[in-house]
Every structure is written in C-alpha cells, then in structure tokens.
Amino acid sequence: MPLLQALLVFGGGTVGVITLITLLVLAPSVARGPGHRHTADRWSEPLWFGGPTGALDSGESSERKQLETSGSRCMQTEPVGGGGAGARW
Amino acid sequence: MAPVPVGEAFTVDQARGIERARADAGRTSGLGVHVYVGVAGADPRATARQLHASLPDHASAVLVLVDPPGRALEIVTGAEARRFLDDAACSLVALSMQTAFAAGDLAGGLVHGLHQLGDHAHHPESMHTLNP
C-alpha cells in the first residue's frame with residue numbers, strides 16, 4: 001500500500017471521527033445562539049416575591065429608583081428593634 | 001392566569017417553588033415573608049433595610065435579600081418579627097442558604113432557607129394561656 005494511500009485510510013478516518021464528535025458536541029450550543037447574558041445583566045431587573053405590591057413582579061425598577069434617591073430618609077424609617085443576619089459567598 | 005414574568009433569573013418552575021416556599025413560610029410563622037432578588041449596590045445591608053422599611057407591614061415582616069452578582073445575602077426582621085425569629089436563627093438560615101448559593105443552587109437555597117425561616121419562627125398558639 002503506498003504511503004499516501006495509507007495516510008488517507010488511517011489518518012483520514014481518525015480525523016473524520018474527531019471532527020464528527022466535535023460537531024456533535026458544539027452543535028447544540030451553536031443552535032441556541034448567544035448564551036446567557038453577563039451575570040450582572042441577568043439581574044439588572046430586580047425580582048420580588050411577595051413584594052410591596054403583594055405580587056410576583058420583575059418590574060420594580062421605578063420603585064427601586066425612588067428608594068435609592070431617598071436613601072437616607074428611608075434609613076431613618078427602619079423600625080427600632082429590628083434585626084436579622086447577613087452572609088457572603 | 002397570566003404567566004409569571006420571571007425574566008432570565010429563574011425558570012417558571014423555580015419561581016413557583018420559591019413563591020410556594022415563601023407563602024408556606026408566611027403561613028407557618030404568621031409573619032410577612034418577602035423575597036427580593038436583585039442587585040443591592042455597594043451596601044446590601046442598607047439596601048435591605050430600605051426595602052424592608054418600604055414594606056407595608058414592616059414591623060412583622062421578614063425580608064430576604066439576595067444579590068447574586070454581589071454574592072450577598074441579607075435577612076432583615078422587623079421589631080415584632082424579631083420576637084419569633086431572633087438573630088441567631090437568622091444566622092443559621094443565612095449559613096444554610098450561603099452553602100447552597102456557593103454551590104450554585106440559588107433557587108434551591110432560597111426554597112430551603114424559606115422553609116427553615118418558617119420553621120424557626122413557628123409559634124404555636126398556647127391554648128392554656130387563653131383561659132386564665
């Protein structure tokens with residue numbers, strides 16, 4: 001068997017299998033298009049469960065802006081004697 | 001019923017699970033339980049306090065704030081709510097949620113934490129004190 005023919009038979013088959021597996025792995029993500037947005041963008045709209053309006057809502061940005069602009073005043077309205085805890089991860 | 005707008009943060013099933021856990025915690029504890037998931041700025045504790053103060057029933061309310069990008073969790077209790085849910089209990093719940101969040105399970109951590117909040121704040125009615 002000539003050298004060129006041997007390379008095509010053995011090398012070509014191997015490369016073909018590798019290419020096929022790569023395509024099968026990448027195809028689903030390519031078909032989905034661009035992935036999730038950046039983490040910070042995903043949470044740009046706050047999400048309330050049982051919020052001030054009493055409903056599950058993802059469009060509280062106007063209220064949040066209002067809270068942010070009157071921050072110092074809101075801080076003073078915190079009920080005396082409240083508590084809680086916090087954590088970071 | 002209109003579909004729940006959950007954006008890209010949670011799947012519909014996850015959002016329903018969180019809402020159910022929140023309602024269960026409120027029913028078990030008799031307190032108003034509220035959950036806020038979003039960016040909380042440079043001082044998450046201050047933001048959580050502001051949001052808690054904006055709640056109509058803030059004295060008997062518990063607010064759970066989760067800031068996923070900032071990796072911050074805050075639990076704020078009102079003066080009345082603190083009688084049934086003290087800071088030590090809040091710390092335990094926060095620790096539990098923190099562990100789940102660190103593992104990447106945001107929805108599961110919230111659901112489990114809310115159930116724990118309800119259990120810790122559970123205050124069964126004392127029947128023998130009703131009749132002197």
Side-chain angles (χ1 to χ4, degrees), chain A residues 18 21-89, chain B residues 4-10 15 18-19 22-23 26 32-39 41 44-56 58-59 62-63 67-82 85-88 90-95 97-99 101-102:
Chain A
I18 291 172
I21 292 173
T22 305
L23 283 175
L24 287 174
V25 170
L26 294 179
S29 59
V30 171
R32 275 198 302 268
H36 286 296
R37 286 186 289 160
H38 192 269
T39 306
D41 292 339
R42 285 176 60 197
W43 303 100
S44 59
E45 283 295 319
L47 192 60
W48 269 107
F49 295 88
T53 57
L56 180 60
D57 190 3
S58 63
E60 299 285 343
S61 52
S62 59
E63 182 173 353
R64 179 162 161 68
K65 283 173 188 168
Q66 185 184 350
L67 283 168
E68 284 170 350
T69 53
S70 58
S72 58
R73 189 161 46 84
C74 286
M75 285 288 285
Q76 293 167 1
T77 62
E78 182 188 4
V80 176
R88 304 290 180 270
W89 74 92
Chain B
V4 177
V6 292
E8 295 183 40
F10 297 109
I18 294 168
E19 176 58 26
R22 186 199 68 79
V33 180
H34 310 270
V35 179
Y36 173 93
V37 184
V39 177
R45 185 71 189 169
T47 304
R49 285 173 173 169
Q50 290 172 23
L51 293 170
H52 182 270
S54 74
L55 296 171
H58 55 81
V62 181
L63 173 72
D67 177 0
R71 296 176 171 270
L73 162 69
E74 294 291 344
I75 301 173
V76 180
T77 54
E80 178 70 15
R82 197 182 189 189
L85 192 63
D86 60 20
D87 294 353
C90 289
S91 296
L92 280 175
V93 174
L95 184 64
M97 294 172 85
Q98 176 192 32
T99 306
F101 293 166

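What's counted below: heavy atoms across the whole structure, side chains too, no hydrogens, waters or symmetry copies. Residue numbers begin at 1 in each chain, while the letters A, B, ... track the order of the sequences.
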Toward chain A, the part of B:L63 with a non-hydrogen atom under 4.5 Å: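 Just its side chain gets close to chain A.
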
Which atoms of B:D67 approach chain A - backbone, side chain, both or neither, heavy atom under 4.5 Å: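 It is the backbone, since no side chain atom gets that close.
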
For A:R88, salt bridge (charged side-chain N to carboxylate O under 4.0 Å, His left out) partners two or more places apart: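 In terms of salt bridge (charged side-chain N to carboxylate O under 4.0 Å, His left out), with neighbours along the sequence ignored, A:R88 is linked to B:E74.
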
Residue pair B:L73 / A:W89: nearest heavy atoms and the distance that separates them: N-CZ3, 3.9 Å

Residue pair A:P46 / B:Y36: nearest heavy atoms and the distance that separates them: CB-OH, 3.2 Å

Any side-chain heavy-atom pair of A:F49 and B:V37 under 4.5 Å: yes

Greatest number of heavy atom pairs closer than 4.5 Å to chain A - which of B:P56, B:A23, B:C90: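 Of the candidates given, the most pairs with chain A belong to B:C90.
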
By side-chain contact (heavy atoms from CB on, under 4.5 Å) - contacts of B:D87 (at least two apart): B:R82

